[in-house]
There are 4 protein chains.
Amino acid sequence: MLVVMKPHATEAEIEAVVDRIRSLGFTPHPIPGAQRVAIGVTGNKGSIDTAQFETMPGVADAIRVSQPFKLVSREVKEEDTVIDVGGVPLGGNALAIMAGPCSVESREQILETAHAVKAAGARFLRGGAFKPRTSPYEFQGLAEEGLKLLALAREQTGLKVVTEVMDSETLPMVSDYADVLQIGARNMQNFSLMKQLGRIRKPVLLKRGPSATIKEWLMAAEYVVAGGNYQVALCERGIRTFETMTRNTLDLNAVPVLKALTHLPVVVDPSHGIGLRAHVAAMARAGIAAGADGVIVEVHPRPDRALSDGQQSLTPREFEDLMKQVRVIAGALGRAV
Amino acid sequence: MLVVMKPHATEAEIEAVVDRIRSLGFTPHPIPGAQRVAIGVTGNKGSIDTAQFETMPGVADAIRVSQPFKLVSREVKEEDTVIDVGGVPLGGNALAIMAGPCSVESREQILETAHAVKAAGARFLRGGAFKPRTSPYEFQGLAEEGLKLLALAREQTGLKVVTEVMDSETLPMVSDYADVLQIGARNMQNFSLMKQLGRIRKPVLLKRGPSATIKEWLMAAEYVVAGGNYQVALCERGIRTFETMTRNTLDLNAVPVLKALTHLPVVVDPSHGIGLRAHVAAMARAGIAAGADGVIVEVHPRPDRALSDGQQSLTPREFEDLMKQVRVIAGALGRAV
Amino acid sequence: MLVVMKPHATEAEIEAVVDRIRSLGFTPHPIPGAQRVAIGVTGNKGSIDTAQFETMPGVADAIRVSQPFKLVSREVKEEDTVIDVGGVPLGGNALAIMAGPCSVESREQILETAHAVKAAGARFLRGGAFKPRTSPYEFQGLAEEGLKLLALAREQTGLKVVTEVMDSETLPMVSDYADVLQIGARNMQNFSLMKQLGRIRKPVLLKRGPSATIKEWLMAAEYVVAGGNYQVALCERGIRTFETMTRNTLDLNAVPVLKALTHLPVVVDPSHGIGLRAHVAAMARAGIAAGADGVIVEVHPRPDRALSDGQQSLTPREFEDLMKQVRVIAGALGRAV
Amino acid sequence: MLVVMKPHATEAEIEAVVDRIRSLGFTPHPIPGAQRVAIGVTGNKGSIDTAQFETMPGVADAIRVSQPFKLVSREVKEEDTVIDVGGVPLGGNALAIMAGPCSVESREQILETAHAVKAAGARFLRGGAFKPRTSPYEFQGLAEEGLKLLALAREQTGLKVVTEVMDSETLPMVSDYADVLQIGARNMQNFSLMKQLGRIRKPVLLKRGPSATIKEWLMAAEYVVAGGNYQVALCERGIRTFETMTRNTLDLNAVPVLKALTHLPVVVDPSHGIGLRAHVAAMARAGIAAGADGVIVEVHPRPDRALSDGQQSLTPREFEDLMKQVRVIAGALGRAV
């Protein structure tokens, strides 16, 4: 259930509703909005009588939420969530453009890439310092050294840093450097980590698990939001299917479906999604055309020498060309870059 | 192997190459192109010595084809195939827009729809007279009565008719009425039917099987082309995955992959692909942005009363709106509608 | 709905029920059973009032059928269907053991195999004369010559012949030679063919499509049975998943699920299912342990020289060893071989 | 590469090989076997010259390992790994039978279940104290209270305790109570956790991720073993496919494939695999027939009142019946229970 307060409801009125919910043995989740406060209710089995709330002072409406995901649902919050990443919006009308290498490899590599993607129009720099790798014998990332290089690139360019956190042990360290915490696909249902992300106040970019249904993905986001961290964006990065010609199957169907179901921003990762450099631009264009709120693209100055994911990384020049096309398509849909 | 003739090679020179191929026990497939003739060679095990052809008069080049699909491959024919459907192109720079109801239901229904989609910019009218249905107890189509109604709609509007053929028994009848023969997803590997389609001279729109790999799909097209019918277009209509929120998973990754591998036109079916009316337009836009040569969209004057697929059919008004967006995105990619 | 007649209901009483069903505009399907006749009713939308049938003479019960598949459902016929293949049972307590090469290749090959699998305990000989192949350039089978060789092997061994029919054109010819008509996975939703199989009186072994749900598979069988041919057995042969180490994923989960939902016999094909010779025996054993009514196994005297599927064919010796294990497991479940 | 020492190689000879490997810049992994010591080598790119090792004193052979997984491979260790769980074997000829409720719910529930499954023949008690749940609003387990109840059940019955650990924070606590640490499917590629499991000395039961390939699964096990913990068993628990009639698709094909590729024990979880109580026994039988080294089965005294997974839990009586069948099938394969 969701209790929607009137636009000018007082703090005391809100508090009274919260108390009533608690007295019934349920859990209240106040959700501040641009216009008004709403209070999500969870913990009930079966439906709650809405009438007892509708007559309370300051209450505009009490509505049942039909989906298993509640706080991330559009039923609960109709307007799009726009995450403020230190002045740069993630979500809303302007597209969020994120670009950079798969892994941070060296000072020269990350700085060269950062300046190039900034010049082409990116506002966020991606780059991994902790790398989840299928094999224990592969390059696992530069760790804190990589985070420091990302911070240096931010200092020089003003780009916001998006980087992956793999576990709770390194969460404090990564949070110190990152502007947006990326959660990798294989960790999407690492519920212990989701709960910890709920307790901090840092934007989260939650990648879809390779075999996660849209519903499971929204439930994972619900873990973070239910913990109190409302700054969550979703990133479609390809699902696992029977097709072997592409690395994954970028599921663009998820984009319009998510935009209808949730108020959270939706970003598309064409690089992991299709996994083939020649086709990344086509999928990035398609993602924007499908209604995504942003793209995250792997860019490397010398893809053939990359320590990871070189086969799917664009050169800075290819990225620049892509950005021109993205701008036109965004314009056709009434959006800015 | 492929033997590429010089632009002004004579008939006699071509014939000599064909004879040489036959004398080696292989099968020649002459493929006329805009600039020059090429001759595909199949039936060999292991590679053929190309040198013996390169020195023949009129031969420009003899090249090995690495893919299991040969005649449909870009290695064999670099330029895009443009199918001439009675004056309307399918393939090439101009997008092929196909629209109409899932099933032909009545004279009024098909005529109303045909005029509406024509006004909005479609050049092809889709509509099923023979319907493959999961259950034997569901509506199976109007059969020849439906074909006659499609012909009537063509007469009134000039739209080209795209309609499904399900078996060899009805192939002659459907061919009499159709401009383009649609092959349904479940028949993609009905090899007996593929062979028969190779013997006729009618454009074929070959839908991807719900669990067909891109390679299997191209091999199915190869059956038709190897039989001598070069007028084949491919239609991505969604694959089967674990996701249950959408009817299928429209695999737009297939679009750029196919455009690189084959010279055949690629059409996208967002209606079956996502299966949810609210999201068909988003997927149609995305398909065009990914590089498709056309879209095929279900349109019904009263979707809620449709005998099949009402939940994924656009109203004529919604289709009109979609066409406006498609025109802008096509323009951004340098294509006409 | 299903109208169940009393054990000794007269022909006239049965006829009266059939007439009443027709007079309501529905279609009656009389289903003879060992103890009594039941009459399936299809063609209704919404539920039918059962009371009007329950009071008719000779009627024991009138029950609603909740599944979309009706005539193949256990709700409609509780006892197992046992198909009498010229004196050899397919279904029921005794396991049906089918074995033989993927393709009939020569007189010597098929006769040698037939004698060997007969000696090891098989009652059915499998072998393809018409082969559906992904590529038009691969071996397509010996056609009628292959059917004649199968008939010769039957003459010499008494084994019943199971062979694939690919299309309606060759259906009469294949029916002349075969004891059981095998329908390949890719043809499972070839509805035109299903309808034709409903009109003949020959046992059908219906393979599961590589991405067919259990429900779709039962609906395909329903096409055949609704046409009047009750002699249908189902064959699980592996579904398509993301796993690439095995050719397909033999879905043994389907075995107990089917045995609960339908009265039709269920056979398992471990050869196509896992596609790796070394592991065929393990999957055959597992299929029997899961409750299958039979197995169909590829056996070839010289697998490494087979024209198709050699990598998944057992030698006669390996098949003999497998049969010993199968007998013990069958015994543990109270079944005979 | 793997260096195999002679049966009576001295400590000094082994040490010399280890030193040589290190001096080349690679990492040595000594693997003690029943007959002899082998030393895995990782960290090399490209192949190493084996000759330089073959001539060293005490070396029997130096062999190249072709698979990306090394230490878990049968190429490296031919004989089956048998994990000694406090005197009870996991792996080897005797089947490991694990049973118990999904979640520990109360003292009465776990004790009643433990005594019942012990009486029926189980040697391991399963039960979750920390539960990964799709929704943050579902029952999350009794935590340490649940672990204490498991320890109490062990004390009373002698059963070994198998229980899930979800994260590194609770790893020390769970290790204090558990005999075998279960890693849930969604954590299979939680590489931080895998690395930590490599550092402890406690048997690990590693469930397959719902969309993990067999290769990825073995690579996850490789993380643990490469860290120094050789006590890893694999648990097939169903993969995600398009089929919706079963909860998951228990992939029994993985059993013979794994038994060929790895020396680690393989356990099957039919409860999660098929997810339907009526069919759990069939899949357990099939798993044993396919060659699994054990089964893990959910048993609950009153499944319809279970706080989780009731729909797939057997009653103690059903489990007892299953064990009788398992004994016969095990006997047919020459194995003990």
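Because the structure is a prediction, the values reported are computed rather than measured. Below, read A as the first sequence line, B as the second, and so on, with proteins coming before strands; counting in each chain starts at 1.
Contacts between Glu138(C) and chain B at a heavy-atom distance below 4.5 Å are absent for every atom of the residue. Interface remark: Thr134(B) contributes backbone and side-chain atoms alike to the contact with chain C (heavy atom separation under 4.5 Å).
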Check your understanding: For Arg240(B) and Thr213(C), what are the C-alpha separation, side-chain angles and deciding distance, and is it a side-chain contact (heavy atoms from CB on, under 4.5 Å)?
Key -> CA-CA 10 Å; Arg240(B) 181 156 275 182; Thr213(C) 62; 3.7 Å; yes
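For a heavy-atom cut-off of 4.5 Å, chain B lies close to no residue in residues 247-254 of chain C. Scanning residues 182-194 of chain C against chain B with a 4.5 Å heavy-atom cutoff picks out Arg186(C), Asn187(C), Gln189(C), Asn190(C), Phe191(C), Ser192(C), ordered by number.
Taking Pro68(B), Ser135(B), Ala226(B), Ala212(B) one by one and counting their heavy-atom pairs under 4.5 Å with chain C, the maximum is reached by Ser135(B). The candidate from Asp167(C), Ile239(C), Thr42(C), Thr27(C) with the greatest count of non-hydrogen atom pairs under 4.5 Å with chain B is Thr42(C). Comparing Lys70(C), Gln140(C), Lys195(C), Lys215(C) by heavy-atom pairs within less than 4.5 Å of chain B, the highest count is held by Gln140(C). Taking Ser211(B), Pro136(B), Gly198(B) one by one and counting their heavy-atom pairs under 4.5 Å with chain C, the maximum is reached by Pro136(B).
The neighbour count for Arg201(C) CZ, taken as heavy atoms of other residues, nucleotides or ligands under 6.0 Å away, is above 12.
Defined by atom type and a distance below 3.5 Å, a donor-acceptor pair is present between the side-chain atoms of Ser168(B) and Glu169(C).
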